[in-house]
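Report on one structure; see the data block that follows.
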Amino acid sequence: MKKILSIAAAIIFSLQLQAQNNYWVMLTDKAGTTFDPYSYFDSKAIERYRLNNADLYDISNYPLNDSYVNQIDAIVTDDFGQSRWFNAVAVTATPDQIAALRKLPFVKDVVMLESNMHLAKAEDSEPIDLTGLFSEGAPADQLIRMGRDNFRNAGIDGKGVRIAVFDGGFPQVNTHIAFKHLRDEGRIIKTWNFPNKKENVYGWNSHGLMTLSCIAGIHRYQGSDGEVRTDIGMATGAEFLLARTEIEAEPFKEEVWWQMAVEWADKNGAQIISSSLGYGKDRYYTKDMNGQSYVAKAGNMAARKGILVCNSAGNEGTDDSWLTIITPSDADSVLCVGGISNSLTEYEHISFSSYGPSADGRQKPNVVAFGHAYTANTGASNDKYHFVDGTSFSCPLVAGFAACALQAKPGLTAMQLFHEIEKSADLYPYCDYTYGYGVPQAGYFTGNSKPAEPTFKFVKDGENVNLVPLKNYDKCRIFIKSSTPDGTIHSYKKLELKDFNTETYLEITSGEVITAQLDGYVESYNLNNGDYMSVMYVGMTGDQYDETDKLHFSQSLKEKKSLTERYVMLGVPVNIRADELEHNFWSPAKRIGIRKTHYFTKGYGWGWALEYGHTSLRFGNEANRLDSLAAMDDDVRWLDKKVTKHKLNLGELGIEIYQRVRLRPGGIFHKGWHWDIGVYGNWSYNAYILKGEHNGDIAATRKQTLRSLDLLDDYRWNWGVTTRLTRDWLGIYARYRLNDLNKDVPVGQFILPQLEAGIQFAF
């Protein structure tokens, strides 16, 4: 038994001292490798490279050096991915293994990788019967807002454009009626499940089913004259690559799988990537949203190779501690898509959609679309649909739009398409950190849009300037912002005005460059007397001046990298060795303390704790328990079988040092699932106290203080290992004392229980 326990303790120590993490191993070169792009790339990829003037023979396309990879594999615990573009191997390794890797002459760097990819949001309504929701044959509102009929009237549905969709799974895409046209026409070209390393993606998280339907789904139902088809995605004629890159249980590898999926999409001819995935506050700090993450770099490289990457802005809009978008949307060349409410006439930010700019002040989001969307839904009958919320759905709506735009103008490079989509948006050239350039419009690509007529003018009035309408409005919407000459926005507002006319102008009292948008017309004025904006609506009463959306704009780059928590632990000692002192089942161990965790990343940190503990070993009057107590020291042999109740108390002061791995985000206190493993040391500041009641006679109660006995000397100092698995504020813990591990216990003698287990509350 002791040998087994020794092995177990050694394993725990090994976990503590040799904790495994995930890393990119960056290589110095690709010496000795060869590459034939015409056998590696799909023909559609070669066509795309040529159109975008990208180099097929670029060194980033060459394979890794097999000898380098084999030497790395011989050292590490696991090789779970490779990147041609970064010339890197993704590994799981211990600190000792990493030290060995750094000594290899072809290893340029080893970068710790702790990521926590999350779906950009998916909150759904109860499935309902939506037959008749739309006029027969009319598209869903999410497409009408983008001018879908302009594309359809021109015969444009994304035909011939190849789109890669990255998500957490695509259940029922191979059976759901919404995708019948894709299956019948063989337009799902390839699939790959990166976590499971196989082709099957038709399972797991239904998020992918919903996002794909926002690109190419069709709502089919029986109308008065037979089946009616209602488009819920813009690019019903496109072809697809489906990649599963996300799983629920593994928080540390999705960044690698996303990177590998981009390279896979490049190889297989993708022209557009739709990614409703990203890394935000659960992985990074605000200051990190500057386009420098590995997935952001991969998005930029994809653009250089001719792929337009569309990515959700994220769903941190209600978190005032974040106030930026997520990566890879922060990349220069990734089209960041935010969310608005599902209205054909109003222009309202949907609460959860993340605000821009990027951490280094670049314009984000680029465009917006509906964040409340109509999508296919899983169900036994394979014909279910529902409404869902999230920037997860605004992104694929724009990706489908981009496919139609590329079909309309097939000669566009990826970055030309990027900027043309921005220019097509209905607020352009106005932009802000909530709506970007607005909602893309199909008429821009089909020649159906008209230049905006002037709707207002700026009139200088002393030190101020007035925005005066050129016609009377019963109701109008004005977007207005103050910015520096280089475009950095200081403040911005969306104003809903009633009875707006030359008598009820806007008076702007400060600012630098003032830009306004009214009915599609945009004009700027250089005021040059401040770095903020104050607007007064002149000539109207308060109830006629409705500032509906005074949007907050601030950005905190100083985020907490440490966490202080107070905790209570309630547990019981557990006998696991034959020579341990027996006790009643309920012998409570209570601990209170304060714990401080310092994070190196959002997923990994080290910490320390100070605590007070009190343990009461309670005993009945069974002979073996009394004998075992007496056997511990001659001075306690006064106990006899007439004693009905007795207990052994221990007060301790302790310190703990631990490392924390965050497994999943979430929870009331945003601590999520995490696992701690560490070492502790306790000092017994007071004596063990033994109490007894002789036949219930209180007067005969005897107390014995063991302060001077060998027992206290044996347990004055205690040390061991501890571990906790916690979900936000509630968790379970175990601690194992090691100072008795190899103690030679004479026959008839006993040691105190070594294992303690219980629950923890932390706040």
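Worth saying up front: this structure is predicted, and the values here are computed from it rather than measured. Both backbone and side-chain heavy atoms feed into the values below; hydrogens, waters and symmetry mates do not.
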Answer yes when Asp330 and Lys364 have at least one side-chain N-carboxylate O distance shorter than 4.0 Å, and no when they do not. no
Beyond-backbone contact of Ile759 with Tyr733, side-chain heavy atoms, under 4.5 angstrom: no
Steps toward side-chain contact (heavy atoms from CB on, under 4.5 Å) verdict (Ser312, Val337): CA-CA 5 Å; Ser312 298; Val337 186; over 6 Å; no
Below 4.5 Å, heavy atoms only, C-beta onward: do Tyr284 and Met289 meet side chain to side chain? yes
Check: Ser213 side chain, Ala376 main-chain N or O, donor-acceptor pair, under 3.5 Å: yes
Identify whether the distance between the nearest side-chain nitrogen and carboxylate oxygen of Arg735 and Glu652 falls below 4.0 Å. no
Ring pair (Phe, Tyr, Trp, His ring centres under 6.0 Å) between Phe393 and His372, intermediate numbers included: CA-CA 7 Å; Phe393 311 108; His372 179 78; 9.6 Å; no
Counting heavy atoms not belonging to Glu199, are there more than 12 under 6.0 Å from its CD? no
Any donor-acceptor pair under 3.5 Å linking the side-chain atoms of Gln97 with those of Thr77? yes
Polar contact flag, side-chain donor to acceptor under 3.5 angstrom, Tyr658-Thr597: yes
I'd like to know whether Trp258 forms a side-chain contact (heavy atoms from CB on, under 4.5 Å) with Glu246, so could you lay out the CA-CA distance, the side-chain angles of the two residues, the decisive distance to 0.1 Å, and finally the verdict. CA-CA 8 Å; Trp258 198 94; Glu246 160 80 10; over 6 Å; no
Any side-chain heavy-atom pair from Leu323 and Thr286 closer than 4.5 angstrom? no
Check: Pro753 main-chain N/O paired with Arg737 side-chain donor or acceptor under 3.5 Å: yes
Search all heavy atoms of Thr324 against all heavy atoms of Pro357 and return the closest pair with its distance. OG1-O, 2.5 Å
Quick one, Trp24 and Gln259 - any side-chain contact, counting heavy atoms below 4.5 Å? yes
Exercise: do Ser358 and Asp360 side chains pair donor with acceptor under 3.5 Å: yes
Distance, nearest 0.5 Å, that separates CD of Glu611 from CD1 of Ile655: 10.0 Å
Is the backbone of Gly339 close enough, under 3.5 Å, to the side chain of Ser353 for a donor and an acceptor to pair up by distance? yes
Atom pair CZ/CG of Phe387 and Asp389 - distance to nearest 0.5 Å: 10.5 Å
Which heavy atom of Pro365 sits nearest a heavy atom of Gly356, and at what distance? CD-N, 4.0 Å
CZ (Phe80) and CH2 (Trp257) are apart, to the nearest 0.5 Å, by 7.5 Å
Between Met26 and Ala88, the two heavy atoms sitting closest are SD-CB, 3.7 Å
Heavy-atom closest contact (Asp167 atom, Ser276 atom, distance): OD2-CB, 4.5 Å
Would you indicate whether the side-chain heavy atoms of Val89 and Leu64 approach each other to under 4.5 Å? yes
On a heavy-atom basis, the closest approach of Pro328 and Gly278 is CD-CA, 4.2 Å
Indicate yes or no: at least one non-hydrogen side-chain atom of Ile340 is less than 4.5 angstrom from one of Ile350. no
Ring centroid separation His207 to Phe170 under 6.0 Å: no
Phe86/Tyr294 under ring pair (Phe, Tyr, Trp, His ring centres under 6.0 Å): CA gap, chis, key distance, verdict: CA-CA 9 Å; Phe86 290 149; Tyr294 281 102; 5.3 Å; yes
Between atom CG of Leu27 and atom OH of Tyr68, what is the distance when rounded to the nearest 0.5 Å? 8.0 Å
Is it true that a side-chain atom of Asn311 and a backbone atom of Ala313 form a donor plus acceptor pair closer than 3.5 Å? no
side-chain contact (heavy atoms from CB on, under 4.5 Å) for Asp78 and Lys253? Distances and angles first, verdict last. CA-CA 12 Å; Asp78 183 31; Lys253 297 179 180 178; 3.7 Å; yes
For Thr726 and Trp673, does a side-chain donor sit closer than 3.5 Å to a side-chain acceptor? no
Heavy-atom pair of closest approach, residues Thr723 and Trp675: OG1-NE1, 2.8 Å
So, the side chain of Tyr279 versus the backbone of Glu255: is there a donor-acceptor pair under 3.5 Å, distance only? yes
Would a 4.5 Å heavy-atom cut-off, applied to side chains only, mark Val679 and Thr722 as touching? no
In Å and rounded to the nearest 0.5 Å, what is the CZ to CD distance from Arg84 to Glu263? 8.0 Å
Can Glu756 and Arg591 be counted as an ion pair, charged N to O under 4.0 angstrom? yes
Distance only, no hydrogens: is a donor on one side chain within 3.5 Å (strictly under) of an acceptor on the other, for Asp332 and Asn300? no
Atom pair CG/CG of Asn193 and Leu242 - distance to nearest 0.5 Å: 11.5 Å
Just checking Tyr567 against Phe763, ring centres under 6.0 Å apart? no
If the threshold is 4.0 Å, N to carboxylate O, is there a salt bridge linking Lys281 and Asp319? yes
Can you find a side-chain donor-acceptor pair between Gln172 and Tyr202 that sits under 3.5 Å? no
Test side-chain contact (heavy atoms from CB on, under 4.5 Å) applied to Val309 and Leu335, step by step: CA-CA 6 Å; Val309 181; Leu335 192 71; over 6 Å; no
Taking the basic N atoms (NZ, or NE/NH1/NH2) and the acidic carboxylate oxygens, is any pair closer than 4.0 Å for Arg724 and Glu656? yes
His386 side chain reached by Thr375 side chain, heavy atoms, under 4.5 Å: yes
